[in-house]
Amino acid sequence: MLGKIITVITLLTMKATATIYYAGVAESGGEFGVYSISGVVGTGLPGEFGVTYQFINEATVDIYVEQNKANINLFRVAFLLERMCPIATGLGATFNETYYSEFAAAVSYITVTRGVYCILDPHNYMRYNNPSQQPLSGSVIGNTSDPTAATTAQFAAFWGELAGRFSSNEKVIFGLMNEPHDMDTNLILANDQAAINAIREAGANQLILAPGNGYTGGHSWTEEWTGNSPASSTVMYQITDPVNNTAFDIHEYLDSDFSGSSSVCSQLASTNLAPLTAWLQQYGFKAMITEFGGANGTECDSYLTDIVDYMADNSVYIGWSIWAAGPLWGSYSACCANGGQWGSLEPGSVAADGSPGMYETVWLLEIEPLLPTTLQQTGMSSVNGGAGAGGGGGGGSGNSSSSTTATTRTTSTTTSTTSTATAVPLYGQCGGIDYTGSTVCASGTCQYDNPYYSQCVL
Ligand SMILES: *[C@@H]1O[C@H](CO)[C@@H](O)[C@H](O)[C@H]1NC(C)=O
Ligand SMILES: *[C@@H]1O[C@H](CO)[C@@H](O)[C@H](O)[C@H]1NC(C)=O
Ligand SMILES: *[C@@H]1O[C@H](CO)[C@@H](O)[C@H](O)[C@H]1NC(C)=O
Ligand SMILES: *[C@@H]1O[C@H](CO)[C@@H](O)[C@H](O)[C@H]1NC(C)=O
Ligand SMILES: *[C@@H]1O[C@H](CO)[C@@H](O)[C@H](O)[C@H]1NC(C)=O
């Protein structure tokens, strides 16, 4: 009974706000192991898989997907450009095939084995050739005054090659670059645009996420200062995509300086994101917040609730990934802890004092109850929720009764008895008004989401 009431409320809510199509967690680790306190160029390159760097832990990806009952469908996987494209051969279409295959295995596990979406994240701050003191070191890509800098054309060649390799995988999302900063915003636009063109020329039509300046901060999107000029808002609207499937990539932390380094939350996203939201509405763009977070403790709880609810309530936001899980964090806190060793969002992580880590204290306690009810489970990644895999990514309506996908967190189980057809794969539709297919799940059980949709879930 309670389940039914919740379902009705959920349906009403979905009509107004069914816009969060992708939600999950950032996987950080493929970019690890290159920091040098004295700035020694080349530190940690190429690195050693499983020791200095590692992309995901398959077992903990399983935990996220299974424990959250199909209410997360996104992982953002970081990698390092200097490992993918070794400095000896330069940024471009020549990859270190060993590193690439390790990365591709992680992407394949997420998208094929688990069937959820994956953002490819070059974690390079729009810099290439010296990650030893990132985010500050390395030549700015496209800086024509710096003879050692990689060019915009090289950045495009890199993206054309990478996207071409994934062009038939509808569950990937191309995150063009993590957190550009302290450079001419017009050069960010030029680099983003060159990459978009190269991706489309490679025949890949999936969702692209384009960053702005200022570490792509949402609160500062309309602001300008030295190194963050012109304001992203006065430049980035010029971006174009031949298939209209690009959204902006936004990061938003909740501590005083928006850095995600403090355990004290004091910045309210619903207030700070208002100018960005108005700008997105004005120009008809969508955005995804691919980094945000807060420490454990009741004090950040209301700020995390605020940002997740704000995204759900404003249709210009189509998804989010929280920072961060990953196989190599140990007891270190990926987000928001003043150096405190309270664990990460990696399932099983523990604080230095042996108490539960942030998967339990932040994800399960604070984020899990807020998970969206509108996630996309099939079709090509899209600004419109992937209402079809064929049409170049446009054209979806987010309409919850369309054939694709809406799922809800209500989980009252129905037992189905009538089917004679073949079994439905995991996350497939197995019931609903006007549904005529099989009601037998190949794996998992058929769970009622709303009158129009039941789904096979674990
Ligand atoms: C390519 O990556 C592998 C794995 O990290 C590493 O062992 C190898 O030395 C790298 N090759 C180059 C040319 O960087
Ligand atoms: C571009 O390169 C020049 C020459 O090395 C340097 O002075 C300038 O700071 C660089 N610009 C940026 C944004 O890094
Ligand atoms: C992209 O959007 C523009 C502006 O709304 C429209 O004119 C154009 O036809 C769209 N292109 C595709 C491929 O949907
Ligand atoms: C997070 O948990 C740790 C370990 O239980 C605790 O010491 C710390 O005070 C908590 N942080 C906050 C902000 O509550
Ligand atoms: C939702 O999509 C279905 C199938 O495409 C369509 O028949 C229906 O009219 C749409 N409803 C709304 C409210 O857009």
Side-chain angles (χ1 to χ4, degrees), residues 29-34 42-55 79-92 94-106 129 131 196-197 200 205-208 237-247 254-256 260-266 283-286 293-304 331-345 349-366 380 382-384 387-388 390-397:
E31 79 282 32
F32 274 23
V34 292
T43 298
L45 296 177
E48 195 181 341
F49 181 67
V51 179
T52 51
Y53 70 88
Q54 188 180 333
F55 301 96
F79 65 96
L80 190 75
L81 280 179
E82 289 84 356
R83 286 188 175 133
M84 191 70 84
C85 301
I87 292 168
T89 42
L91 184 62
T94 303
F95 289 179
N96 178 329
E97 296 299 339
T98 307
Y99 187 74
Y100 171 76
S101 65
E102 294 158 355
F103 176 67
N129 73 14
I196 291 170
N197 296 348
R200 299 313 183 209
N205 288 335
Q206 298 97 321
L207 178 61
I208 292 173
Y237 70 89
Q238 299 170 75
I239 213 150
T240 62
D241 176 356
V243 302
N244 294 340
N245 199 16
T246 294
L254 309 170
D255 51 342
S256 61
S261 57
S262 168
S263 64
V264 180
C265 291
S266 62
Y283 289 101
F285 283 113
K286 305 283 188 181
N296 59 308
T298 54
E299 181 265 340
C300 272
D301 198 357
S302 63
Y303 289 86
L304 285 167
S331 61
Y332 188 79
S333 293
C335 176
C336 318
N338 306 92
Q341 304 276 296
W342 306 332
S344 69
L345 298 183
S349 89
V350 291
D353 67 0
S355 61
M358 287 202 190
Y359 177 74
E360 289 180 53
T361 60
V362 174
W363 178 272
L364 289 180
L365 287 183
E366 297 175 12
M380 188 168 69
S382 164
V383 285
N384 295 314
S397 65

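FYI, the numbering just counts along the sequence from 1. Atoms within a ligand are numbered from 1 in the order they appear, just like the ligands themselves.
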**Item:** Protein heavy atom at shortest distance from atom 1 (C) of ligand 1
**Value:**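 Nearest neighbour among protein heavy atoms for atom 1 (C) of ligand 1, to 0.1 Å: N96 ND2, 1.5 Å.
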
**Prompt:** How far is atom 7 (O) of ligand 4 from its nearest protein heavy atom, and which residue and atom name does that atom have?
**Reply:**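 Protein heavy atom at minimum distance: W342 NE1, 3.9 Å.
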
Select the closest option to [atom] among [options], judged by heavy-atom distance.
| atom | options | answer |
| --- | --- | --- |
| atom 13 (C) of ligand 1 | G47, C85, P86, S101 | P86 |
| atom 4 (C) of ligand 4 | G354, S355, A337, G340 | S355 |
| atom 10 (C) of ligand 3 | N244, D241, V243 | N244 |

**Prompt:** Should you measure from each heavy atom of P46, which atoms of ligand 1 turn up under 4.0 Å away?
**Reply:**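 Answer, ordered by atom number: 6 (C), 8 (C), 9 (O), 10 (C), 14 (O).
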
**Those atoms of ligand 1 less than 4.0 Å from some heavy atom in T98** =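 Every atom of ligand 1 under 4.0 Å from some heavy atom of T98: 2 (O), 3 (C), 4 (C).
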
May I ask you to test the [X]-[Y] pair for a side-chain heavy-atom distance under 4.5 Å?
| X | Y | result |
| --- | --- | --- |
| D255 | S261 | yes |
| E360 | L365 | no |
| S349 | M358 | no |
| N205 | N245 | no |
| N96 | E102 | no |

**Request:** Can you sort out which atoms of ligand 4 are near D353, meaning under 4.0 Å from one of its heavy atoms?
**Result:**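 By the 4.0 Å cutoff, the relevant atoms are 4 (C).
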
**Message:** Check the orientation of Y359 and W363. Use parallel for under 30°, tilted for 30 to 60°, and perpendicular for over 60°.
**Reply:**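 Parallel, since the angle between the ring planes stays under 30°.
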
**Prompt:** Is the F103 to F49 ring centre distance short of 6.0 Å?
**Reply:**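 Ring centroids of F103 and F49 are no less than 6.0 Å from each other.
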
**Asked** G284: heavy atom below 4.0 Å from ligand 3, yes or no?
**Response**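 Heavy atoms of G284 never come under 4.0 Å of ligand 3.
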
**Asked** Any N or O on N296 sitting closer than 3.5 Å to an N or O of ligand 4?
**Response**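 The answer is yes, given that N296 and ligand 4 share an N or O pair closer than 3.5 Å.
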
**Request:** May I ask you to list the atoms of ligand 3 that are less than 4.0 angstrom from any heavy atom of P242?
**Result:**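 Checking each atom against P242, I get 13 (C).
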
**Request:** Go through S262 and N338 one step at a time and tell me if the side-chain contact (heavy atoms from CB on, under 4.5 Å) criterion holds.
**Result:** CA-CA 5 Å; S262 168; N338 306 92; 3.7 Å; yes

**Prompt:** Hey, is Y53 touching ligand 1 through its side chain, its backbone, both or neither, going by heavy atoms under 4.0 Å?
**Reply:**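 Just the side chain.
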
